[in-house]
Amino acid sequence: MSRGIQGIALAAAAGVLLAGAAVAQDKRADAYVKYRQSMYVVLASNFAPLGAMVQGKMPFDAQEFAKRADRVAYMADMLPEGWTAESKGGQPSKAKPGIWDNRADFDKLLQDMQSKARALSKASQAGKIEEIRPAFGALAQACKSCHDKYKQD
Ligand code: ASC
């Protein structure tokens with residue numbers, strides 16, 4: 001092999017290796033997104049019946065409400081695990097890229113949602129719908145505030 005051809009072969013091999021590393025990186029990010037979305041599925045699936053009870057679309061069951069509100073708070077606390085730097089760019093995702101440019105603001109919204117979720121779980125312990133209703137509304141608003149800014153429609 002001439003020097004020139006050797007050089008080209010080396011450059012091509014390096015290119016393949018780098019492309020391989022990029023693919024591995026992408027797959028890792030995609031896996032993080034999958035993990036993250038699974039958390040949101042569990043969270044939303046437990047949040048939905050709370051909404052139905054608060055709105056009178058489902059009979060209010062204090063025990064059931066408290067159980068699901070506890071799960072929502074638990075999942076909310078787990079969410080940051082799905083928003084690590086490794087998850088950046090993972091697909092398919094509705095996360096707006098702005099999250100990574102406004103990380104402090106995003107984290108603040110996430111923490112606010114976590115604190116509202118804990119408050120709802122606490123409020124649900126006494127089983128009084130009139131105490132639960134405002135706490136539920138505050139949590140729903142916290143979810144929406146973040147979605148409006150950082151989630152694609
Ligand atoms: C849900 C759900 C959301 C939030 C949001 C609350 O049940 O899937 O994204 O509540 O609509 O405002």
Side-chain angles (χ1 to χ4, degrees), residues 14-153:
V16 169
L17 280 177
L18 283 174
V23 168
Q25 182 67 42
D26 284 354
K27 280 201 173 152
R28 195 167 147 78
D30 294 353
Y32 267 94
V33 167
K34 208 169 190 180
Y35 177 46
R36 179 169 82 214
Q37 289 173 346
S38 306
M39 295 186 221
Y40 280 100
V41 168
V42 175
L43 200 161
S45 302
N46 283 280
F47 186 68
L50 302 186
M53 283 190 234
V54 164
Q55 290 161 32
K57 291 177 184 163
M58 193 191 267
F60 177 63
D61 176 333
Q63 223 177 346
E64 182 73 5
F65 196 103
K67 182 177 88 177
R68 294 191 181 277
D70 185 44
R71 287 182 185 168
V72 167
Y74 187 90
M75 292 315 300
D77 278 340
M78 242 170 108
L79 288 179
E81 280 184 31
W83 290 108
T84 57
E86 290 96 327
S87 73
K88 185 177 174 179
Q91 291 297 330
S93 170
K94 289 182 181 172
K96 287 189 182 168
I99 290 168
W100 307 100
D101 305 323
N102 303 283
R103 193 59 211 226
D105 181 56
F106 177 80
D107 285 344
K108 205 170 114 241
L109 291 171
L110 186 51
Q111 282 155 20
D112 179 57
M113 176 271 206
Q114 291 172 323
S115 99
K116 299 283 163 44
R118 279 184 224 115
L120 175 62
S121 176
K122 195 155 180 244
S124 72
Q125 297 302 314
K128 293 185 182 135
I129 191 73
E130 62 279 9
E131 288 172 16
I132 284 171
R133 199 169 270 121
F136 176 87
L139 175 57
Q141 184 52 52
C143 296
K144 190 175 182 306
S145 297
C146 196
H147 294 171
D148 286 352
K149 243 173 153 173
Y150 295 117
K151 187 182 175 189
Q152 272 157 28
D153 301 324

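Counting starts at 1 for both ligands and their atoms, in listed order.
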Inset, instruction - Could you say whether the N/O atoms of Phe47 and ligand 1 ever approach to under 3.5 Å? - result: no

Legend entry - Asp112/Lys116 ion pair, N-O < 4.0 Å: yes

Inset, instruction - Spell out, as yes or no, whether a donor-acceptor pair under 3.5 Å connects the side chain of Ser45 to the backbone of Val41. - result: yes

Legend entry - From the candidates Lys144, His147, Met113, Lys151, the one that places a heavy atom nearest atom 9 (O) of ligand 1: His147

Inset, instruction - Give the residue and atom name of whichever protein heavy atom lies nearest to atom 12 (O) of ligand 1, and the separation in Å to one decimal. - result: Ala140 O, 2.9 Å

Legend entry - atom 5 (C) of ligand 1: nearest protein contact (heavy atom, Å): Cys143 CB, 4.1 Å

Inset, instruction - Please answer whether the main-chain N or O of Pro92 pairs with a side-chain N or O of Gln37 as donor and acceptor at a distance below 3.5 Å. - result: yes

Legend entry - Closest protein heavy atom to atom 2 (C) of ligand 1, given as residue, atom name and distance to 0.1 Å: Ala44 CB, 4.7 Å

Legend entry - Any Leu50 side-chain heavy atom under 4.5 Å of Leu139 side chain: no

Legend entry - Aromatic ring pairing Phe136/Phe47, orientation class (parallel under 30°, perpendicular over 60°, tilted between): parallel

